Amino acid sequence: MPRVSTGRRITLPADQCREVGIGPGDEYRSYVADGRITIVRKTAGTAKGFLRRVAGDPTVSDEESLEDALGDTPRSG
């Protein structure tokens, strides 16, 4: 059974890595929820499919959008 090293390193089982397509040098994200750690291989362009139906508002600048997202400045509208 794999163990966590003193440096908090974890060795993932090779068969599990093959099953989900994780290879040496791949980037990953890890999340904690409900007392469990989930590891997900990062895939370039993943958000593109998720966001393809989101229409931007051409009347809003990038700066205004960022300010709105951060809650810095109320937008007049």
Side-chain angles (χ1 to χ4, degrees):
M1 168 164 279
R3 295 179 187 258
V4 179
S5 75
T6 56
R8 291 189 183 87
R9 290 187 178 95
I10 298 172
T11 301
L12 301 172
D15 59 329
Q16 291 177 1
C17 289
R18 279 191 295 272
E19 187 174 331
V20 297
I22 294 176
D26 284 348
E27 292 184 352
Y28 70 92
R29 297 296 303 243
S30 60
Y31 304 91
V32 176
D34 299 321
R36 296 173 189 247
I37 299 172
T38 300
I39 298 170
V40 180
R41 179 176 54 98
K42 287 176 69 175
T43 305
T46 301
K48 187 176 183 180
F50 178 73
L51 298 173
R52 72 173 170 254
R53 292 189 179 91
V54 175
D57 183 347
T59 65
V60 177
S61 71
D62 288 343
E63 185 176 316
E64 289 172 317
S65 178
L66 179 59
E67 288 174 355
D68 186 58
L70 296 175
D72 291 345
T73 310
R75 261 184 85 216
S76 60

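All values derive from a computational prediction rather than experimental measurement.
Two different hydrophobic clusters hold Tyr31 and Ile10 under the rule that ILVMFWY side chains link at heavy-atom gaps under 4.5 Å. Transitive grouping of hydrophobic side chains (ILVMFWY, heavy atoms separated by less than 4.5 Å) brings Val4 and Leu12 into a common cluster.
Checked against side-chain contact (heavy atoms from CB on, under 4.5 Å), Ser61 has the following partners two or more places apart in sequence or in another chain: Glu63, Glu64. Taking Val20 as the reference, Ile22 meet the side-chain contact (heavy atoms from CB on, under 4.5 Å) condition, with sequence neighbours excluded.
Closest approach of Ser65 and Val60 over heavy atoms only: N-CG1, 3.8 Å.
Screening residues 27-40 for salt bridge (charged side-chain N to carboxylate O under 4.0 Å, His left out) gives Glu27-Lys42 as the qualifying pairs, with residues at least two apart or on separate chains. Counting only residues at least two apart or on different chains, no salt bridge (charged side-chain N to carboxylate O under 4.0 Å, His left out) pair has a member in residues 4-21.
With hydrogens and angles ignored, the 3.5 Å screen pairs a side-chain donor or acceptor of Arg41 with a backbone N or O of Gly21.
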